[in-house]
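Okay, structure first, notes after.
Letters A, B, ... mirror the listed sequences (proteins, then strands); counts begin at 1.
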Protein chains: 2
Amino acid sequence: MLNLRPVKLMPVREQAAASLREAIISQSIKQGEMLTLESTAKALGISVTPVREAFQILARDGLIELAQNRGAVVLGMSPKNIREHYEIRAALEAEACRLVCEKGADLSEIERCVSHLVSSGAENYGDLNQSFHYNIWLASGNTRLVNMLSELWNGLSMGLRTTKNEYARKSQAEHEVIFSMLKASDADGASRAMRGHILRSMEDMLTRYK
Amino acid sequence: MLNLRPVKLMPVREQAAASLREAIISQSIKQGEMLTLESTAKALGISVTPVREAFQILARDGLIELAQNRGAVVLGMSPKNIREHYEIRAALEAEACRLVCEKGADLSEIERCVSHLVSSGAENYGDLNQSFHYNIWLASGNTRLVNMLSELWNGLSMGLRTTKNEYARKSQAEHEVIFSMLKASDADGASRAMRGHILRSMEDMLTRYK
DNA sequence: ATGAGAAAAATTGTATCCATTCTTGCCCAT
DNA sequence: ATGGGCAAGAATGGATACAATTTTTCTCAT
């Protein structure tokens, strides 16, 4: 039998949401712009039904705002926006670290990410960074926490991802500290380290954005 | 002109979601039951489009699960479910306390809730308890955090709310401790106290459910 | 100019229709 | 008798058309 990539991987509403998300984050759709159902559907080559659902997904991710009978306005990055995003992520990821320690979860995947991050250069730092965080979420054993953090990661604030070497080095060092504390099952230390890591990333993002 | 209550307060999809939420939490729709679009739409007296959107809201709240092309199954309370809910809430509400302290927010509304909780009996404890927590979220100044916690509060685990006097007393004492730490701007203390308060509530819920 | 009111445009909800997919149950071959 | 496969049925996912409401804009009379 032929081995072909399936035509349909996800529901159309999610493809639409992904496409719009990318456009908003890359700022090819500008802040404050008004999205109408019909024009968006036409631009995506689909009907309005899945577009309506995609709008709700994006609203949940904080990329657009839905007003009663008035449609969707594209939200932009703002300092307040960034702050809110990172404050929540700091709390949740710190909790994930705490849970990993308390449950004595398997750390092999996390370790793999840390060492990969060491060996490879900074060019694909973004993916490795995400893997490191994601595997911690997974190891926490709280599937709902994984869902919430995944949604946050899709949000606006993660849009402008840095590839600067300087940032990658600093971040890598912090990842190693976090991992060592996880390995030592130091719940307080690991969660505090993760919290600090994320809040410092927030400051980086804020200054870069400003 | 006549002064009448508007017939339509919220979008139909949200009314539908609210109606289904209530039915699921009160267990008039049982765990594991399969909800079909058509029958649900007929039962609610609306068409299927807003029902589909309501299903997605409920799935986000963790009350149902949507399977590809197979509809919605009603989820039940499980220990894992409860744990995940409270772990996340503990992290977020502790963060809210931290933010309240760091930002030096206005505490008057929160104080009002604490003293109301003192003066009135335990009969309307549920509402007062919610007000206390809600006003802390608000005072954090993080609107996204408010949204996320509101969604969590709508979830399954909050369904069986206790009115037992014993619990209300214990909880009230903890609320007072939390408030005093907020007033002293002790971010670490307040967040730790809130965290403990919620995790203890979790234990109560787990033993009661078991 | 200003304000009332009509007209246009967009969302929200309704009603069908079709394609795809998942389940179920039956039939048949072994 | 049992297990695999096939067909029928049901339900979702999406498309399309339309009615109803609301918002915005534009016009026109005062």
Query raised in the report: Under 3.5 Å, is there a donor-acceptor pair between the side chain of E33(A) and the main chain of K30(A)?
Result: yes
Query raised in the report: Does R13(A) place a side-chain N or O at less than 4.0 Å from the phosphate oxygens OP1/OP2 of dG14(D)?
Result: yes
Query raised in the report: How many Å lie between CD on E53(A) and P on dA15(D), as a whole number?
Result: 10 Å
Query raised in the report: Q56(A) CD to dG13(D) P: how many Å, rounded?
Result: 14 Å
Report summary line: Judged by nearest nucleotide, the residue sitting upstream toward the 5' end of DNA chain C, S47(B) or T36(A), is T36(A)
Requested in this report: Mark yes or no for a side-chain to base donor-acceptor pair under 3.5 Å between R52(A) and dG14(D), with no hydrogen or angle criteria applied.
Outcome: no
Query raised in the report: Is there a donor-acceptor pair under 3.5 Å between the side chain of S150(A) and the backbone N or O of V146(A)?
Result: yes
Report task. Round to the nearest Å and state the distance from L44(B) atom CG to dT14(C) atom C1'. Result -> 15 Å
Query raised in the report: How long is the line joining CG of N69(A) and P of dA20(D), in whole Å?
Result: 16 Å
Query raised in the report: Counting any heavy atom closer than 4.0 Å, what does L35(A) reach on the DNA or RNA strands: base, sugar-phosphate only, or nothing?
Result: sugar-phosphate
Query raised in the report: Is it the case that D106(B) and S108(B) place a side-chain donor and acceptor less than 3.5 Å from each other?
Result: yes
**Report entry** Value in whole Å for how far the P atom of dC18(C) lies from CD of E38(B)
**Finding:** 15 Å
Query - Gap between atom CZ of R52(A) and atom CZ of R13(A) - 0.5 Å precision - result: 13.5 Å
Query - Rounded distance (Å) that lies between atom P of dG14(D) and atom CE of M10(A) - result: 12 Å
**Report entry** Nucleotide dA15(D), atom P - distance to CD of Q15(A) in whole Å
**Finding:** 11 Å
Report task. In whole angstrom, give the distance that lies between atom CZ of R70(B) and atom C1' of dT12(D). Result -> 11 Å
Requested in this report: Measure from the side-chain heavy atoms of T49(A) and tell me the nearest of dA15(D), dT14(C), dT11(C).
Outcome: dA15(D)
